Amino acid sequence: MTEPRLILGPVLRHVDETSATVWVETDRSCVVEILGSTSRTFQVGGHHYGLVIITGLTPGESRPYTVSLDGHTVWPLPDSPFPASRIRTYAVDQGSQLRMVFGSCRFASPLTPRQRRNVGGDALNAYAERMAEQSDSQWPDVLLLLGDQVYADETSPYIRRWISRRRDTGKPPGIGVADFEEATQLYAETWSDPEIRWLMSTVSTSMIFDDHDIIDDWNTSAAWRRAMARLPWWRERIRGCLMAYWLYQHLGNLTPSELAEHELLAEVRRVGETGDAYDVLRDFADKADAEVDGVKYTRWSYRRDIGSVRLVVIDTRCGRILGTNRLMVSDAEFDWIEDATRGDYEHLLIGSSLPWLLPHAVHEVESLNERACARGGIRGWLAERVRQAIDLEHWSAFRTSFDRLARLLHAIGSGERTTRPPATVSVLSGDVHHSYIAEAHFGEREWPKVWQVTCSPVHNTIPLVAELAFRVTWSKAVTRLVSWWARRRGVGPRPLWWYRLSGPDFRNQVAVLDIADRDYTVTFESDAQVGEPLTVPLASHGGRVTRG
């Protein structure tokens, strides 16, 4: 019998002072070994996955590693041009020392020549190439992917050809993903880029989904869900994509202790190590999809502490409440968010695939639309059509949740929930295919230091009409006009004000956050990296924007 093969990975996921989690996909059942720690793979839908928890590591260590399957070394790949993959644990006294790279919305490479002209270069690929030339002391500690890692509804030419060989794409869902097997192919394509594969093997990676990981406008409204439920292919699409998300993205977000207590993982392992756990995970996906109806079955949100920096990543898609009282997350989920942000830390990072602070006029339009949709009748019907046509579904379209998050961040930034105010509070987001930083003002003379940092896309594009709309909606004149109309139509005033420090920038980019003690800068690095990158010092420099 031939030796087992590594299909995908290794992907370095959760890392702390003394442990690390590494994810792999293999071509058969086998035992995975990394740095003396072993784990048997489990099977779901004919695919084999391994999750190795490596313990007993030394704090503050940078340690190269290899991957063996049944005793045969399969990583690093032969003739790899990249440095050795490493696990870099956090120091016990790390404090507020962190470099994080984040972004969202990444089409897989390669594309057709025409697509390459339209989409441009891959900013994450370019970052990995630059990183490979640096010493590991300059590498980021964390890679945060904030949604649209894969595109289940906008598949590549390669995936379309693959799908057409297994079913008739002339019938719904056409070239979009139909089931779990097709969803796995998206990850195989997206994570097979040599640069991305090496990057994810050596930088601790956290993730959360957005709509295109499932379908455009996923859970935008109750009317949208009713319409989708009538489509005969939809149940298998949502089921398969949630199963794949749990396997490829969600599991690695959890700490070793959370994995040890995870009942579903234990059951998937029990069944999948000797058989196939497809039915187990299928039943879970069906229940998870029902959460928008108020049933709480799982939590996709999670928390990470890295020294004195806290990262809280929020699910803004699957846990929405879409009845009369629209909520971005349920009250129970928001209670968890409030609990996760308690305690003492120097910097708080809130990961939300959807921006909290948008251009002012867009914010008002989304709140207006929410109010119009709730009125029903022909006007409500038209408002719902507009909502779905132009994606009016961000925090401002869930005004109750927007206001609650504003109150929470104000309380945190003011020191009401901690021994002393943190140096910074930031909401990190993507989705909107342009990058910008906005600073929040809550009315005080010395306002809490709260920012919206948005970086999107990593590798995608934006229609010219949308680019023009985003540029115009930051203007004061348009904001005054739309705000006046919103007040006349009964929309309450904004509970805070915000203004741009940088942007909008429509290039493919990643954002690099550098935190050192109470200082904090954000650098946007583009795909081509022509000239000096844009750097925005936040905590100690009053938002002054510099080059280089």
Side-chain angles (χ1 to χ4, degrees), residues 5-11 23-27 44-49 77 80-82 103-129 145 147-201 205 207 209-216 218 233 236-245 247-249 433 456-462 508 527:
R5 293 189 303 111
L6 188 65
I7 301 297
L8 277 183
V11 181
W23 176 98
V24 298
E25 182 179 353
T26 65
D27 70 336
V44 177
H47 295 260
H48 300 268
Y49 305 96
L77 300 176
S80 171
F82 298 101
S104 79
C105 309
R106 178 179 175 268
F107 272 145
S109 299
L111 302 173
T112 65
R114 180 179 180 181
Q115 287 175 316
R116 284 195 292 271
R117 288 193 298 272
N118 291 337
V119 174
D122 188 326
L124 196 58
N125 272 20
Y127 183 85
E129 291 172 353
L145 301 175
D148 295 346
Q149 274 72 262
V150 295
Y151 281 74
D153 51 351
E154 297 181 36
T155 53
S156 70
Y158 167 79
I159 294 294
R160 294 176 188 181
R161 290 192 295 270
W162 183 87
I163 290 175
S164 67
R165 291 195 293 268
R166 78 186 294 259
R167 62 176 172 83
D168 183 2
T169 56
K171 300 177 181 178
I175 59 172
V177 164
D179 54 23
F180 172 73
E181 179 62 26
E182 293 180 8
T184 66
Q185 296 304 308
L186 296 179
Y187 290 96
E189 177 187 43
T190 303
W191 290 2
S192 291
D193 281 359
E195 297 85 357
I196 299 304
R197 195 171 184 182
W198 172 76
L199 174 67
M200 295 172 70
S201 75
T205 306
M207 310 174 185
F209 45 37
D210 199 22
D211 55 345
H212 288 286
D213 293 273
I214 310 294
I215 193 172
D216 190 25
W218 178 32
W233 54 268
E236 204 59 42
R237 157 79 74 85
I238 183 66
R239 172 187 289 158
C241 287
L242 284 177
M243 290 171 65
Y245 177 79
L247 287 163
Y248 289 82
Q249 297 197 52
H433 288 211
S456 167
V458 169
H459 189 215
N460 209 316
T461 187
I462 185 171
N508 290 339
D527 56 322

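Bear in mind that the values here come from a model prediction, so they are computed numbers and not experimental data.
- Between T190 and R106 there is a side-chain heavy-atom pair separated by less than 4.5 Å.
- Separating the CD1 atom in I163 from the OG1 atom in T155 is a distance of 5.0 Å, to the nearest 0.5 Å.
- In terms of modelled atom types and a separation under 3.5 Å, the side chain of D193 and the main chain of E195 share no donor-acceptor contact.
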Quick one, Y187 with Q249, criterion side chain to side chain donor-acceptor pair (under 3.5 Å). Give me CA distance, side-chain angles, the key distance, then yes/no. CA-CA 10 Å; Y187 290 96; Q249 297 197 52; 2.8 Å; yes
L242 vs I214, test: side-chain contact (heavy atoms from CB on, under 4.5 Å). Steps then yes/no. CA-CA 8 Å; L242 284 177; I214 310 294; 4.3 Å; yes
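- To the nearest 0.5 Å, atoms OH (Y245) and CZ (F209) are separated by 5.0 Å.
- Residues that satisfy the side chain to side chain donor-acceptor pair (under 3.5 Å) test with Y151, not counting sequence neighbours, are N460.
- D148 places a side-chain heavy atom less than 4.5 Å from the side chain of D213.
- Annotation: side chain of F82 is not in contact with side chain of L77 (no heavy-atom distance under 4.5 Å).
- One finds the OG atom of S156 at 8.0 Å from the CG atom of L186 (value rounded to the nearest 0.5 Å).
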Intermediate values then yes/no, side chain to side chain donor-acceptor pair (under 3.5 Å), H212 and D153: CA-CA 6 Å; H212 288 286; D153 51 351; 3.0 Å; yes
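- The side-chain heavy atoms of Y248 and E25, taken from C-beta on, include a pair separated by under 4.5 Å.
- At distances below 3.5 Å, at least one donor-acceptor pair connects side-chain atoms of R197 with backbone N or O atoms of G9.
- Here the OH atom belonging to Y158 is positioned 7.5 Å from the CD atom belonging to E189, to the nearest 0.5 angstrom.
- Side chains of C241 and V177 form a contact here, defined as non-hydrogen atoms less than 4.5 Å apart.
- Listed for the D527 side chain is no donor-acceptor partner under 3.5 Å among the backbone atoms of H459.
- When side chains are defined from C-beta on, M207 counts as touching M200, because their heavy atoms get closer than 4.5 Å.
- The existence of a salt bridge linking R167 and E182 is confirmed by a sub-4.0 Å separation between a basic side-chain nitrogen and an acidic carboxylate oxygen.
- Listed for the N508 side chain is no donor-acceptor partner under 3.5 Å among the backbone atoms of A123.
- Between the H433 side chain and the P457 main chain, no donor and acceptor come within less than 3.5 Å of each other.
- Aromatic ring pairs are classed by plane angle as parallel below 30°, tilted from 30° to 60° and perpendicular above 60°; the pair H47 and Y49 is parallel.
- A donor-acceptor contact shorter than 3.5 Å is absent between the side chain of W23 and the backbone of L8.
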